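Presented below is the structure to which this report refers.
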Amino acid sequence: MNVTLSLMPAKTLPKITTISEFPNNPKTLILEQCKTIKDINQIHTHVIKTGLILNPSAVENLLESTALVLRSMDYALAIFNQVQQPQPEAYNILIRGFNLNQNPEKAILLFKQMKENCIEPDKYTFSCILKSCSILHGLQEGKQIQAHTMKSGFGSSGFVQNTLIHMYANCGKIDIARRVFDEMSEREVITWNSMFAGYTTSSCWEEVIKLFQEMLKSDFGFDVVTMISVLTACGRLGNLELGEWLSDYIVENGLTGNLNLITSLIDMYAKCGKIDVARSLFDKLPRRDVVAWSAMISGYSQASRCREALDLFQEMQRENIEPNEITMVSVLSSCAVMGAFEIGKWCHFFVKKKRIKLTVTLGTALMDFYAKCGSVENSLDVFKKMPVKNVLSWTVLIQGLASNGEGRKALEYFSQMRIRNIEPNDVTFIGVLSACSHAGLIDEGREFFVSMNRDYGIDPRIEHYGCMVDIFARGGFIIEAYQFIKNMPMEPNAVIWRTLLASCKVHKNVEMGEESLRQLVKLEPAHSGDYILLSNVYASVGRFEDATKIRSEMRQKGIKKTPGCSSIEIEGGLHEFFAEDSAHPKSVEIYDAVEKMMKRIKSAGYVPNIAEARLDAEEDEKESSISHHSEKLAIAFGLIKTSPGTTIRITKNLRVCSDCHIATKTISKVFNREIVVRDRNRFHHFKDGCCSCNDYW
DNA sequence: GATCGAAGGA
C-alpha cells in the first residue's frame with residue numbers, strides 16, 4: 001500500500017508523504033500533527049477508505065488523538081462505534097477520555113458495556129475505572145471494582161493498587177488506603193507518592209512527614225512528585241527544618257529548573273514565614289506560570305502583607321499572565337483586609353468580564369470582601385448568585401450580616417441553613433452568637449450556646465465564651481457577664497476581660513471596669529488600649545481626674561500607645577498613614593478634600609456632636625502627638641477614637657453627594673450611606689450611633 | 001497508562 005496523502009493539508013502534516021509510514025510510527029505522527037477535528041476527520045476518512053479501520057493499533061492511535069489530545073468524546077465515540085470488535089485497549093482510551101473530560105459516569109457505563117460484550121478488562125482498565133470511581137467519590141462502586149480485580153487476578157497489580165490507594169483516599173477512607181499500602185508486597189515510588197497524595201487530600205500533614213521519614217529509613221529513592229507532596233506538608237505544618245533540607249537537596253541535585261518543584265518550595269517558604277526567601281526564589285524563576293504567581297500572591301496575603309500582594313497582582317497583569325479563580329481569591333482576601341473597596345469591586349468586575357468561574361471559594365472570598373467593606377447587600381447578592389455554597393459561605397454570610405448590624409437577619413439565614421441541612425461548625429456559631437450580641441438577643445444567645453454542644457456536639461471554645469460575655473455585657477448585664485467569666489471551665493484570656501471592660505464604658509460601670517483592668521494587667525501588662533478604656537470608663541461617669549490619673553499611670557509605667565496605621569481609599573487609590581507620618585504625598589490633598597467636605601456638611605446646617613471626640617483628640621495630641629491626617633480627620637468627624645488599624649473609606653459618591661442636591665436629606669443619612677469606618681476587623685456603621693460598638697456620636 | 005503544585009471564614 002503506497003497511497004499519497006493528497007487529502008492532508010501540506011502545512012499540517014508536512015512530514016507524511018505516504019500512508020505506508022502511518023502504521024509504523026502512527027502515534028507520534030498523529031498525536032503531534034493533529035490540531036483540529038478537521039485533521040482527525042481526514043485521517044479517519046483514510047483509515048476507513050484504506051481498510052485500516054480493521055487494524056486495532058491504527059484505530060487506537062486515532063482514538064487517542066481524538067479522545068485524549070483533542071478531547072472530543074463525541075467524535076471518539078463515533079469512531080469507536082465503527083469498530084466491529086473493539087479491544088480492551090480501545091475501551092481503555094475512551095474510559096480515560098471520559099475521566100479527563102470530567103465525565104466519569106460515562107466511563108462507568110462504558111465499563112459495564114464492556115462486560116456485557118464479554119471483553120475482558122486488563123490491569124489498565126481497572127486502573128482507569130478505579131480513577132472514575134475516585135473522581136465520583138463512589139466508594140461502593142470502587143469496592144465492587146476492587147472485588148472484580150481480585151476475581152480477575154489483577155488484585156496485586158501495581159497499577160491497580162496505586163489507583164486503589166488514590167480511590168480510597170479520595171473517598172475519605174484514608175485508613176483503608178493505608179491498609180492497601182501496607183499490604184502491598186512490592187512498592188514503587190509511585191505507590192509511596194499515591195499514599196502521600198492520599199494524605200494530602202485528607203489534610204493529614206503529619207502523616208506525610210512520618211511516611212517520608214519511613215521512606216528515607218527504608219532507603220527508598222524519592223522523586224520530584226514526592227518532594228512536592230512533602231514540601232506542601234512542610235508548609236502547612238510550618239516545618240522549616242525539613243523544608244530547608246529538601247531545598248538543599250533540590251539545589252545539590254540540580255533540580256532548580258523544575259517550575260512545579262520551585263513553586264512548591266516558594267509556597268513552603270512563604271507558609272513557614274520566610275516570605276522574603278520565597279520572593280527571591282520567585283524573582284529568580286526564568287518562567288512564571290499562573291500557579292507560581294498565585295503561590296507568591298497568596299504567600300503575601302497570608303502573611304498579612306496585603307499591599308505587596310496587590311502590587312504583585314498588578315505586576316502579574318503587566319506581564320500578561322491571566323489570573324485564575326485561585327489568584328483572585330488571594331487578591332480579594334487582601335482587599336478585604338485592607339478595606340480596599342474600589343480595588344475589590346474592580347476584581348469582581350474582572351471576574352465577571354473574564355468569565356472566571358465563581359467557585360465556592362471565590363464566591364466566599366467575594367462575599368467576605370464585601371461584608372468586610374460594609375457592603376452587606378453586595379455580599380448577599382454574590383451569595384445568591386453562587387451555584388454551590390458550603391458551610392463556609394453560609395458562615396461568612398451570617399458573620400457579615402452580624403458585624404454589619406443585621407443580627408436578626410443573620411439568624412434568619414442560620415435557620416435557612418438548617419432547613420437546607422448544611423451542618424454548622426464551630427465558626428458558624430461564632431457568627432450566630434455575635435449576631436445575638438449585635439441584635440441584643442440575650443436569651444436566644446444563651447439557647448444557641450447550649451444548643452451548639454447539645455444538638456451539634458461542638459464544644460464551645462474560648463471564643464464562644466467571649467461571645468457570651470459580649471452578649472451579656474453589651475446587653476447591660478455586666479454582673480451576669482462577670483459571673484459567666486468566673487464560671488468558665490478555662491482561664492479567661494485578655495480578650496474576654498477586654499470585652500467586659502469595653503462594655504463598662506457604655507454602661508458606666510466603674511467597679512467592674514476597675515476589676516477588668518486589674519485582671520488585664522496580670523495578663524497583658526503593656527497593652528495601652530486597656531488603660532485608655534478604663535480612662536474612658538471614668539470619663540463616662542464624669543470622673544475626669546481619675547481618667548487623667550490612669551493615663552499618667554500608663555505614662556509612668558512607660559507604656560506607649562501603639563503607633564497608629566490608617567488608610568484612606570480615594571477613588572480606588574489606597575493611602576496608608578502611620579503615626580508621625582506627614583510625608584505622604586497625598587496627605588495634604590486628602591486633608592484639604594475632607595476640610596472642604598466638613599465645611600459643606602456644616603453649611604448644610606448640621607453640627608456634629610464631637611465634644612467627646614475632641615476631648616480624646618486633645619489628649620492624644622498631647623500624649624503621642626499623632627500627626628497623621630487620616631486619624632485627625634476621623635477625630636474631626638467625631639466618628640472614631642484614634643486606634644491602630646483604622647480604615648476610613650471616603651468614596652467617590654461622598655464628594656458627588658455634597659454637590660448633588662442631597663443636602664435636603666438629613667446629614668445622618670448621608671453619613672450612613674457614604675461613610676463607613678473600619679476599626680481593625682470590625683465595621684462601624686453610623687446611623688444614630690454605631691450599631692457595632694454602641695458608640696454614639 | 002497509576003502518583004504531584006497554588007485556595008475562603010473566627
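Hydrogens, waters and symmetry mates are skipped; everything else that's a heavy atom, side chains included, is used. By convention in this document, chain letters (A, B, ...) are assigned in the order of the sequence lines, proteins followed by strands, and residues within each chain are numbered from 1. Only a predicted model underlies this, so the values are computations on that prediction, with no experimental measurement involved.
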Using a 4.0 Å heavy-atom cut-off, does [X] contact any base of the nucleic acid, only the sugar-phosphate backbone, or nothing at all?
X	value
A/Gln302	sugar-phosphate
A/Ser194	sugar-phosphate
A/Glu325	nothing
A/Asn260	base
A/Val427	base
A/Gln399	sugar-phosphate

Donor-acceptor pair present, [X] side chain and [N] base, under 3.5 Å:
X	N	result
A/Asn324	B/dA6	yes
A/Asn162	B/dG1	no
A/Thr364	B/dG8	yes

(message) Distance check needed: B/dG8 C1' versus A/Leu332 CG, whole Å only.
(response) 10 Å
(request) For A/Ile297 and B/dG8, give me the distance from atom CD1 to atom P, rounded to whole Å. (result)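 It is 13 Å, rounded to the nearest whole Å.
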(message) Could you check whether A/Glu214 pairs with A/Arg178 (Lys NZ or Arg NE/NH1/NH2 to Asp/Glu carboxylate O, under 4.0 Å)?
(response) yes
(message) Whether A/Asp311 and A/Arg305 form a salt bridge (side-chain N of Lys/Arg under 4.0 Å from carboxylate O of Asp/Glu) is what I want to check.
(response)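 No, A/Arg305 and A/Asp311 are not salt-bridged.
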(message) Here's one to test your reading of the geometry: is the NZ or CZ of A/Arg288 within 45 degrees of the ring axis of A/Phe282 and under 6.0 Å from its centre?
(response)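 That pair qualifies as a cation-pi contact.
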(message) Would you say the rings of A/His148 and A/Phe126 are close, in the sense that their centroids are separated by under 6.0 Å?
(response) yes
(message) On the nucleotide B/dA7, are OP1 or OP2 found under 4.0 Å from the side-chain N or O atoms that A/Arg236 carries?
(response)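 Yes, because at least one side-chain N or O of A/Arg236 sits under 4.0 Å from OP1 or OP2 of B/dA7.
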